[in-house]
K.L.:
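So that we are looking at the same thing, I have put the structure below in structure tokens.
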Amino acid sequence: VTRVRRPSAQTAAVVLALAETAAAWRHGYELCRQLNLRPGSLYPILVRLADRGLLETAWETDAPPGRPPRHLYRLTGPGRALATELAAASARSAAEPLRSKPRWQGA
Amino acid sequence: MNRTPRRIEIAAMVLVLVVFATIYVLAVAAEPRSSTMYRDMALVLVFPTLLWVLAAFLLVRFGSGATRRPSTLDAPGRLLAVAVATLPDHRREWGAAMAAELAGITEPAARWRFALSCVPAALWLPGTVRAPLLVATTVVAVVAVAAADPMVGSVVPGLALFATVFAAVLGGLAVVSVARSHGIRGWVGVPTIVVVIGVVASVAATVDFLREPARYVPTVGAVLFAGALALCLWAARPGTGDRLAAYVGVGAGLAFAVGLLAQIRGGQAAVGWLLGMPALVFFVPAFIAAVIGRSFRSGVRTGVWTAIAAAPMTYAVMLYEELRQSALDGTSVLDGDYAPVGASLASALVVLALIPVAGFPFAVMGAAVGSTARRPAVAPERAAG
């Protein structure tokens, strides 16, 4: 049985940022700067998302000489579904702030 | 050449000096003594201090790979490299991800911010075990700590404090291990069993010592004894890998304890064995493991296994034999002099501390010499790995 858990605000922000360009690979420092998030907060979130099958990872294949390949991230199918749910819920809660909030699956 | 490795070497050596100076000050402050005794205490501490200063230098020099290739890492890079080196195998990829990301950051202040933020994340990166297992381990640890005093205290009152500290240290380490682990798995081999037997034997010897109502375990002794045994069990836990180091190290530790027993039963004073043999028993196995395993780390791990096998087993041998000898003629097996039976525990506790303190630096030296001896014979790309 998959546990139902509401993601934290930071996790939701990471998922939504990755969903902005769902097909593109993103790297950690880029996400830190975009979300103004410390790497010490970002990496545990990425680890949990990957553990739950919401994030796929890969190593950069075209790194310039002198710099090691970066670790890259993008949402999986279930990750994109979660992002859609989060975006919809965010829109709903903005429109109806007193309405009860949904519960999330996975993250 | 980058100055950072040299600074870390110096910092490690200074740290050792501070630790031993603190030990000396605490020992002096604990009980007023004559100036001659203060001088003798200082002289006694000089030798292990120098050994550990050298060991700290070698650990940083060889452990960081500074002998293999010139380092291009700056201080934030090294800091992060040390933190990610503590990650369990199944999380190494995330450590590499952080290090690769840092390599792409050029601004010095930003590099420091990134590294400093990543260090705690690397040390506490979530494990993959299910939350119920972590909760269960925590509950068992808390219950064990709470129950230790009343349960053990009702059977062996003198060991109540020991039991509480033992449960607290081991429970805390178990929770941390489970939180960072990939689940309960690994290899329970002969070396682990030998260490467990040593720990059980040392507790049994202490229980035997406490049969007489007048005998007791002093508070500091109970805390150190419990902490040492808990660390031995934790270091010998399944899944720590490196079977060569485990078998060679435990074999050496066992040989040390059996050799001490043979020495005592042969009518020889134990002090010569205890002071002379650790150098050999730690140096040679670590050297062999470093040569065979082609790795400094393999030699150091062998030293750890030697210590965790030898210390509890030798403590048990020492305490049993002290009690036996005291009942026979009132002398100590340590040096053959007459000694009160209550001093038996003090002798055994000193031996428990002496083995890792006096022996482990020799394992580091053996590992350093072994890894250096092997290097010219292997291809450069293998030596760098």
Side-chain angles (χ1 to χ4, degrees), chain A residues 1-8 10-11 13-15 17-18 25-74 76 104-107, chain B residues 69 71-74 76-81 83-84 86-135 178-183 384:
Chain A
V1 178
T2 307
R3 280 180 46 172
V4 176
R5 189 191 296 171
R6 182 183 176 80
S8 69
Q10 286 185 333
T11 302
V14 171
V15 170
L18 287 163
W25 290 99
R26 311 285 300 277
H27 65 89
Y29 193 51
E30 179 189 13
L31 288 167
C32 287
R33 294 181 70 153
Q34 179 186 340
L35 299 169
N36 197 21
L37 202 58
R38 291 155 56 89
S41 304
L42 176 72
Y43 280 100
I45 291 170
L46 294 175
V47 168
R48 287 193 188 92
L49 290 173
D51 285 348
R52 288 164 189 161
L54 301 170
L55 187 77
E56 63 177 313
T57 66
W59 287 97
E60 197 177 28
T61 53
D62 54 350
R67 179 174 65 70
R70 282 177 168 141
H71 207 214
L72 304 172
Y73 316 102
R74 72 179 178 191
T76 59
W104 309 107
Q105 186 170 355
Chain B
R69 57 190 178 275
S71 176
T72 56
L73 290 178
D74 59 356
R78 281 199 167 262
L79 180 69
L80 185 57
V84 301
T86 68
L87 284 169
D89 288 345
H90 66 283
R91 291 297 194 208
R92 285 284 160 90
E93 185 183 27
W94 289 98
M98 294 177 200
E101 207 66 61
L102 180 65
I105 304 170
T106 52
E107 205 254 313
R111 286 180 64 75
W112 271 113
R113 280 196 299 274
F114 188 91
L116 288 172
S117 180
C118 280
V119 166
L123 294 175
W124 295 102
L125 212 54
T128 55
V129 293
R130 299 281 181 192
L133 178 60
L134 183 58
V135 171
V178 169
R180 284 169 60 88
S181 77
H182 197 40

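We name chains A, B, ... by the order of the sequence lines, and we start the count at 1 in each one.
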K.L.:
If every non-hydrogen atom of A:Y43 is compared with every non-hydrogen atom of B:A97, which pair is closest and at what distance?
P.N.:
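Shortest heavy-atom separation between A:Y43 and B:A97 comes out as OH-O, 4.0 Å.
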K.L.:
Parallel, tilted or perpendicular: which fits the ring planes of A:H71 and B:W94, with parallel below 30° and perpendicular above 60°?
P.N.:
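Perpendicular.
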K.L.:
Minimum heavy-atom separation for A:P68 to B:A100, with atom names?
P.N.:
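Where A:P68 meets B:A100 most closely, the heavy atoms are CG-CA, 4.0 Å.
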K.L.:
Please find the pair of heavy atoms, one from A:G40 and one from B:S117, that lie closest to each other, and give the distance.
P.N.:
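Shortest heavy-atom contact: N-OG, 2.7 Å.
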K.L.:
At a heavy-atom separation under 4.5 Å, does B:L116 approach chain A through its side chain, its backbone, both, or neither?
P.N.:
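Nothing of B:L116, per the 4.5 Å heavy-atom cut-off to chain A.
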K.L.:
So what's closer than 4.5 Å to chain B heavy atoms on A:R67: side chain, backbone, both or neither?
P.N.:
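Answer is side chain: those atoms of A:R67 sit under 4.5 Å from chain B.
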K.L.:
Please report the interatomic distance NE2(A:H27) to CD(B:E101), rounded to the nearest 0.5 Å.
P.N.:
5.5 Å
K.L.:
Near A:R74 CZ, under 6.0 Å, is it more than 12 heavy atoms from other residues, nucleotides or ligands?
P.N.:
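Yes, CZ of A:R74 has more than 12 neighbouring heavy atoms, counting only those of other groups under 6.0 Å.
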K.L.:
Within this structure, what is the CE-CG distance for the pair B:M98 and A:L42, rounded to the nearest 0.5 Å?
P.N.:
9.0 Å
K.L.:
Side chain, backbone, both or neither: which part of A:L46 has a heavy atom under 4.5 Å from chain B?
P.N.:
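Answer is both: backbone and side chain atoms of A:L46 are under 4.5 Å from chain B.
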K.L.:
Which atoms of A:A50 come close to chain B, meaning under 4.5 Å heavy atom to heavy atom: side chain ones, backbone ones, both, or neither?
P.N.:
side chain
K.L.:
If I measure from the heavy atoms of chain B, does A:P69 come under 4.5 Å with its side chain, its backbone, both, or neither?
P.N.:
backbone
